[in-house]
Amino acid sequence: MPELPEVETICFQLNRVLRGLKITGVVVLSPKSFVGEIREIREIRGKRVIGVERRGKMIIIELEGGVCLTIHLKLTGQLIFREKGKLSNKYTRVIVSFDNGGKLYFNDLRKFGWIKIVRDLREMREMGEMGVEPFDKEFTVEYLQKIFSRTSRPVKIVLMDQEKIAGIGNIYANEALWEAGISPAKPAKRLGYNEITILREAILRVLRQGIKYGGASAADEAYVKPNGSPGEYQEHFLVYQREGQPCLRCKTLIKRVNLGGRGTFYCEKCQN
DNA sequence: AATCGTTCCTGATAGC
DNA sequence: TGCTATCAGGAACGAT
């Protein structure tokens, strides 16, 4: 499941291969995966790519004239770029062609992801409701204190709330809470200043690790980089998908519970 | 305003 | 060529 580090990796690679290329066409194989009218495609045909950016878990391909191609990969989306040769498979939903013969394949097994043409990013609702970026200077202990103090929801749920913090999903929420020694189920308002300080640092540390290793291509998850190769962060998981294995700190066996409908991994001895 | 349950979709897996 | 039920999950949406 692509989260901040995976999307950051995708944007970094796409930026290198797409910048300066001109879009020659878009083929929509699955209408559900393309939000909006097919005729909007003419607004981007012939436009050059200025750059590729990330906001939360969203990918923004900025084109000449301020028009953007925005993409959310949700659970199983992939973006794969090939300079030549066909690469479509049964999960290919949209194909964007470029003037160098290259093609960008949007594959998505479960069809939860989408691709959308946006004339002005400011008009995009999903953007306006997006929370603070973990690597921005507003992501302070005081900010976390503010959002935590208002709710007794489990802290893990709050970390994954995109309207509060942008980009953290299930993998990195689990990882950060283990790193910080805080129980995922702990009501957010019951975290003290020191705990919040430690948690903030843990979040930044695991996200940086995720980026450093090119994201996590975990078992039965679809994420790969745009060149088709997997990330390596799964080889460094601290707690995620380690159910039944010994805690890396205290050897207690890692537990798995369901929290807010999501698989939650933790050490009941180290995380309180 | 905050929060909860439901829904979208497909493939893997378990149980019979 | 087995069929069916269950599960996984980001986030929009409707209901409370």
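A, B, ... follow the sequence lines: proteins, then strands. Residue 1 opens every chain.
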*So which of residues 171-179 of chain A are in contact with DNA chain C, with a heavy-atom cut-off of under 4.0 Å?*
none
*Whether A/Glu3 side chain and A/Tyr172 backbone form a donor-acceptor pair below 3.5 Å*: yes
_Side-chain donor or acceptor of A/Gln271 paired with backbone N/O of A/Ile182 under 3.5 Å_ = yes
_For chain A and DNA chain C, what are the first and last nucleotides along the strand, 5' to 3', with at least one atom under 4.0 angstrom from a heavy atom of the protein chain?_
C/dA8 to C/dC13
*With a 3.5 Å cut-off and no angle check, do the side chains of A/Thr264 and A/Lys156 form a donor-acceptor pair?*
yes
*Considering heavy-atom distances to DNA chain C, does A/Trp114 or A/Asn258 have its closest nucleotide positioned more toward the 5' end?*
A/Asn258
*Go through the structure and list residues passing side chain to side chain donor-acceptor pair (under 3.5 Å) with A/Tyr240, not counting sequence neighbours.*
A/Glu221
*Hey, is the main chain of A/Val239 close enough, under 3.5 Å, to the side chain of A/Glu175 for a donor-acceptor pair?*
yes
*asked:* Does A/Gly113 reach a base, just sugar-phosphate, or nothing at all? Heavy atoms under 4.0 Å.
replied: nothing
*asked:* Once you apply a heavy-atom cut-off of 4.0 Å, does A/Asn170 come out as touching a base, just sugar-phosphate, or nothing?
replied: sugar-phosphate
*Touch check for A/Thr151, heavy atoms < 4.0 angstrom, all strands: base, sugar-phosphate only, or nothing?*
sugar-phosphate
*Salt-bridge contact A/Glu64-A/Lys47 (side-chain N to carboxylate O under 4.0 Å)*: no
*Quick check: does any side chain N or O of A/Arg48 sit under 3.5 Å from a backbone N or O of A/Gly20, one acting as donor and the other as acceptor?*
yes
Identify each donor-acceptor pair in which a side-chain atom of residues 103-118 of chain A lies under 3.5 Å from a protein atom, sequence neighbours left out, and give them as a table.
residue: A/Lys103; atom: NZ; partner: A/Ser97; partner atom: OG; Å: 3.4
residue: A/Tyr105; atom: OH; partner: A/Gly85; partner atom: O; Å: 3.4
residue: A/Tyr105; atom: OH; partner: A/Leu87; partner atom: N; Å: 3.2
residue: A/Asn107; atom: OD1; partner: A/Thr92; partner atom: OG1; Å: 2.7
residue: A/Asn107; atom: ND2; partner: A/Gln78; partner atom: OE1; Å: 3.3
residue: A/Asp108; atom: OD1; partner: A/Thr76; partner atom: OG1; Å: 2.5
residue: A/Asp108; atom: OD1; partner: A/Gly77; partner atom: N; Å: 3.3
residue: A/Asp108; atom: OD2; partner: A/Lys111; partner atom: N; Å: 3.4
residue: A/Asp108; atom: OD2; partner: A/Phe112; partner atom: N; Å: 3.2
residue: A/Asp108; atom: OD2; partner: A/Gly113; partner atom: N; Å: 2.8
residue: A/Lys116; atom: NZ; partner: A/Glu126; partner atom: OE2; Å: 3.3

*Inspect the contact between A/Lys255 and A/Glu243 and indicate whether a charged nitrogen and a carboxylate oxygen are less than 4.0 angstrom apart.*
no
*asked:* For A/Trp178, does the six-membered ring have the charged nitrogen or CZ of A/Arg249 within the cation-pi criterion, i.e. under 6.0 angstrom from the centroid and within 45° of the normal?
replied: yes
*How far does the helix from B/dA2-C/dT16 to B/dC16-C/dG2 bend, going by the axes of its first and last five pairs, to the nearest 10°?*
50°
*Check ion pair A/Glu6-A/Lys57 (N to O, under 4.0 angstrom)*: no
*In terms of side-chain heavy atoms, does A/Glu142 have a donor or acceptor partner in A/Tyr193 at a distance below 3.5 Å?*
yes
*For nucleotides 7-12 of chain B, just jot down a letter per nucleotide in 5' to 3' order: B, S or -, based on protein non-hydrogen atoms under 4.0 Å.*
-BBBS-
*asked:* Regarding A/Lys186 and A/Glu195, does a basic nitrogen lie under 4.0 Å from an acidic carboxylate oxygen?
replied: yes
